[in-house]
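Let me begin by presenting the structure, written as structure tokens, before commenting on it.
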Amino acid sequence: MSYILLRHRDIPNIKDIEVYAKHGGFESLKKVVTSMQSQQVVDEVKASGLRGRGGAGFPTGVKWSFLPNNIWPHYVVCNADESEPGTFKDREIMENNPFQFLEGVAIACYGVGAAEGYVYLRGEFKQLQVFLDECILQMHAAGLLGDNLFGSSYSLKIKTHLGAGAYICGEETALLESIEGKRGQPRVRPPFPAVVGLYGKPTVINNVETLTNLPQIIEKGAGWYKGLGTDKSAGVKIFSLSGNINNPGNYELPLGTTFRELIFNYGGGIPNGHKLRAIMPAGASSSIIRIDDSTFDKVMDTKMDYENVQSVGSLLGSASVIIIDDTHSMDWVIDKTVHFFKHESCGKCTPCRDGNYWMLHIVERIHAGHGTNADLLLLKNVANQVNGKCLCALGDFSTMAVTSALERFPEDFAAICPDASAGVHSTLKA
Amino acid sequence: MSLAKNIPNPLREKYPEEVQAIFDKYPVKRSAVMPLLYLAQREGGYITKEGMADIASMLDLDVTQVASIVGFYTLYHDEKAGKYRMQVCNDLPCALRGADQFLESLCQNLGIQVGETTPDGLVTLEAVTCLAACDKAPMFQLQEGDKLTYYENMSVDRTLELVTALKAIGPQGTYGGEAK
């Protein structure tokens with residue numbers, strides 16, 4: 001099957017605007033602007049079954065339909081903050097297939113009646129901003145952005161905005177704050193961005209990968225896209241595979257591809273003769289899936305889509321699949337993840353800010369071999385006090401690895417906490 | 001009236017066209033603060049109190065508001081460091097591919113700890129969180145003023161070669177090399 005998103009792998013020079021145009025590029029934008037009403041575009045995207053690829057999996061067309069028709073202007077903001085440990089797909093798209101991405105942004109703008117689209121890039125993508133700004137200028141020169149597109153009354157500008165290093169800016173309301181020139185701290189909701197978004201106006205926020213699907217959906221039809229993937233999880237997804245794996249990288253595959261296919265067929269299995277011990281399918285925000293002889297086949301045959309990953313106790317998220325082999329202990333893994341979340345907590349709400357501070361203290365103590373069974377219980381307790389009590393999902397995410405590691409890998413903690421006998425320690429199990 | 005109102009605008013004088021382009025870009029003035037901070041950091045690699053006051057006065061903000069943004073985002077700095085900041089990712093996915101050992105070996109070879117600068121003032125070694133290059137670890141980014149360059153699939157030897165090249169250029173020159 002040919003690529004839908006990573007088309008540079010089929011067409012090497014697709015980052016050249018003429019090459020992209022020669023391969024059907026911008027025909028979809030022309031089609032929507034010259035022959036479709038905005039509502040028809042929304043309906044087509046709804047019918048395609050496309051869901052948000054940034055992690056939440058919310059139906060894209062439905063999200064667009066929340067924008068009120070009596071408050072203007074509308075904005076489209078593309079979330080290109082890609083910061084989840086284990087995720088590196090949006091960068092590959094933007095660096096190599098930039099015009100399909102930008103055409104997707106433009107189609108989304110037309111769909112919701114926005115005259116301006118913003119691309120929010122993480123600060124580390126500085127070079128990418130320079131590159132995309134050049135691409136945007138080329139589109140203006142070719143009459144694909146600017147005033148009166150294709151002779152219509154529709155005018156559109158796309159701008160890039162560079163962040164400056166903050167994981168939290170991937171959270172959509174923090175991202176809006178950042179464009180507005182503030183610290184990237186999440187807003188209290190409601191109101192939701194669909195009503196009060198960028199500069200107080202109705203705003204739709206979509207991920208890079210989500211938007212890059214749009215030109216192909218318009219070109220080939222919602223029915224074609226819906227036919228890919230599974231019933232509830234339509235289409236293709238880019239799986240970012242990293243960690244202890246022979247062939248790390250991005251794999252564009254239909255949703256519903258099994259873990260076995262991804263890890264062993266495409267990823268080439270685990271290097272150096274080691275065994276697969278754990279999978280974090282949604283990056284550092286994942287609950288950790290335990291792999292042992294009794295669970296191996298069940299997990300390997302699980303379809304990776306928005307529904308089925310839950311059956312093995314985790315989530316698909318942005319499909320940033322981190323592979324961990326049997327040389328690693330889970331106290332080390334959560335030491336890494338809690339370090340990350342402690343650093344990235346924005347400080348606005350107390351459970352996340354203080355909870356991560358204390359989780360880090362406890363995890364460091366345990367990992368250094370100075371922990372006790374009381375520390376394990378305290379760690380679980382603190383995680384429970386954070387989860388579900390924060391303004392945004394970062395707080396919840398910070399507890400996923402901690403809670404699942406304690407529950408699913410008790411032997412790792414018993415081994416380094418001297419008084420955590422099997423009997424006492426079992427109180428940790430849910 | 002804040003202190004900021006009374007000082008001239010060196011940033012606008014120094015980069016008139018770039019500052020104007022930034023102001024023209026956004027419908028609301030305050031949105032210019034992040035690109036202006038990058039501009040203020042271009043030359044010295046960090047933003048001075050005067051630089052913050054300058055930006056505050058251009059945007060009708062308090063200096064404290066600008067300082068809070070500098071403090072919040074990790075790519076802005078309010079203290080002088082090495083000419084180059086070598087920022088190694090040692091988050092979980094990179095660590096699974098040996099980033100911790102890579103970083104430790106760099107420390108030994110450069111004779112500094114994480115967070116420290118080489119005695120010639122050229123390279124500050126830092127550990128940072130995920131840079132979206134997990135499949136190409138060990139990796140780091142090199143920050144020089146407002147420039148950032150990724151170095152991926154790096155070995156200790158190749159990194160030390162880069163450091164040698166940076167030392168050869170010296171404190172006055174600019175590297176601005178392509179990602180390797």
Side-chain angles (χ1 to χ4, degrees), chain A residues 73 82-92 116 122-127 159-169 178-185 199 240-245 247-250 280 283-284 320 322-325 328 332-333 335-337 339-340 343-344 346-347 401, chain B residues 21-22 24-38 41 55 59 61 65-66 68-77 87 89-100 127-137 139 141 143 145-150 152-153 178-179:
Chain A
E82 183 159 67
S83 302
E84 180 68 38
T87 309
F88 42 89
K89 64 191 177 62
D90 297 338
R91 188 180 152 216
E92 179 171 352
E116 276 188 15
R122 61 178 296 175
E124 292 80 356
F125 290 171
K126 166 82 183 170
Q127 290 185 329
K159 302 171 181 179
T160 59
H161 182 86
L162 192 65
Y167 170 75
I168 188 61
C169 288
S178 185
I179 297 179
E180 292 183 4
K182 300 168 193 165
R183 282 171 290 161
Q185 293 185 316
Y199 303 125
S240 295
L241 189 58
S242 70
N244 301 129
I245 188 83
N247 308 319
N250 286 317
M280 300 183 77
S320 31
I322 304 174
I323 303 298
I324 301 169
D325 72 20
H328 295 98
W332 175 79
V333 170
D335 185 57
K336 283 286 178 192
T337 64
H339 259 279
F340 174 79
H343 184 264
E344 299 299 342
C346 81
Chain B
I22 290 167
D24 291 345
K25 181 172 178 177
Y26 298 100
V28 173
K29 202 159 65 167
R30 184 173 177 150
S31 288
V33 66
M34 294 179 71
L36 290 176
L37 284 168
Y38 276 120
Q41 190 167 274
I55 289 170
L59 301 177
L61 295 173
Q65 287 173 302
V66 176
S68 81
I69 291 164
V70 174
F72 186 86
Y73 295 97
T74 57
L75 291 174
Y76 297 132
H77 311 289
Q87 302 180 319
C89 174
N90 69 341
D91 250 332
L92 178 63
C94 281
L96 288 165
R97 289 171 62 81
D100 283 328
V128 297
T129 56
C130 188
L131 298 175
C134 319
D135 56 334
K136 301 186 181 74
M139 64 81 58
Q141 65 181 2
Q143 193 180 10
D146 66 343
K147 282 205 290 287
L148 275 176
T149 313
Y150 272 40
E152 301 176 307
N153 289 317
E178 285 299 301

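Per chain, numbering begins at 1; letters A, B, ... match sequence-line order.
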With a 3.5 Å distance limit and no angle check, can you tell me whether Lys336(A) reaches the backbone of Ala95(B) through a side-chain donor-acceptor pair? no
Restricting to side-chain hydrogen bond (donor to acceptor under 3.5 Å, both in side chains), what partner residues turn up for Ser320(A), sequence neighbours left out? Thr87(A), Ser318(A)
Which atoms of Lys182(A) come close to chain B, meaning under 4.5 Å heavy atom to heavy atom: side chain ones, backbone ones, both, or neither? both
Which one, Ala164(A), Gly181(A), Gly249(A), leads in non-hydrogen pairs under 4.5 Å with chain B? Ala164(A)
Measure Ile168(A) against the heavy atoms of chain B and call it side chain, backbone, both or neither at under 4.5 Å. side chain
May I have the step-by-step check of side chain to side chain contact (heavy atoms under 4.5 Å, CB included) for Val28(B) and Glu180(A), ending in yes or no? CA-CA 8 Å; Val28(B) 173; Glu180(A) 292 183 4; over 6 Å; no
Given the options Lys89(A), Lys126(A), Glu124(A), which has more heavy-atom pairs under 4.5 Å with chain B than any of the others? Glu124(A)
Select one option (side chain, backbone, both, neither) describing which atoms of Arg183(A) are under 4.5 Å from chain B's heavy atoms. both
Need one label for Leu162(A): side chain, backbone, both or neither, based on atoms under 4.5 Å from any heavy atom in chain B. both
Under a 4.5 Å heavy-atom cut-off, does chain B meet the side chain of Cys346(A), its backbone, both or neither? both
Does the side chain of Leu131(B) reach to within under 4.5 Å of the side chain of Arg122(A), using non-hydrogen atoms? yes
Got Tyr73(B) and Cys169(A) here, is their nearest side-chain heavy-atom distance under 4.5 Å? yes
Between chain B and each of Gly283(A), Ala166(A), Gly243(A), count heavy-atom pairs under 4.5 Å; write down the option with the most. Gly243(A)
From the list Leu241(A), Asn247(A), Ile179(A), Thr337(A), the residue making the most non-hydrogen contacts under 4.5 Å with chain B is Ile179(A)
Residue list, side-chain hydrogen bond (donor to acceptor under 3.5 Å, both in side chains) with Gln141(B), at least two apart or on another chain: Gln87(B)
Give a yes or no on whether the ring-centroid distance for Tyr26(B) and His161(A) is below 6.0 angstrom. yes
Which region of Arg30(B), side chain (C-beta onward) or backbone (N, CA, C, O), has a non-hydrogen atom less than 4.5 Å from a non-hydrogen atom of chain A, or is it both or neither? both
Select one option (side chain, backbone, both, neither) describing which atoms of Glu92(A) are under 4.5 Å from chain B's heavy atoms. neither
Are side-chain heavy atoms of Leu148(B) and Leu75(B) found at a separation under 4.5 Å? yes
Heavy-atom proximity to chain B below 4.5 Å, by part of Ser83(A): backbone
Heavy-atom proximity to chain A below 4.5 Å, by part of Asp100(B): side chain
Answer yes or no for Arg91(A) and Phe88(A): cation-pi contact, defined as NZ/CZ to six-membered ring centre under 6.0 Å and angle to ring axis within 45°. no
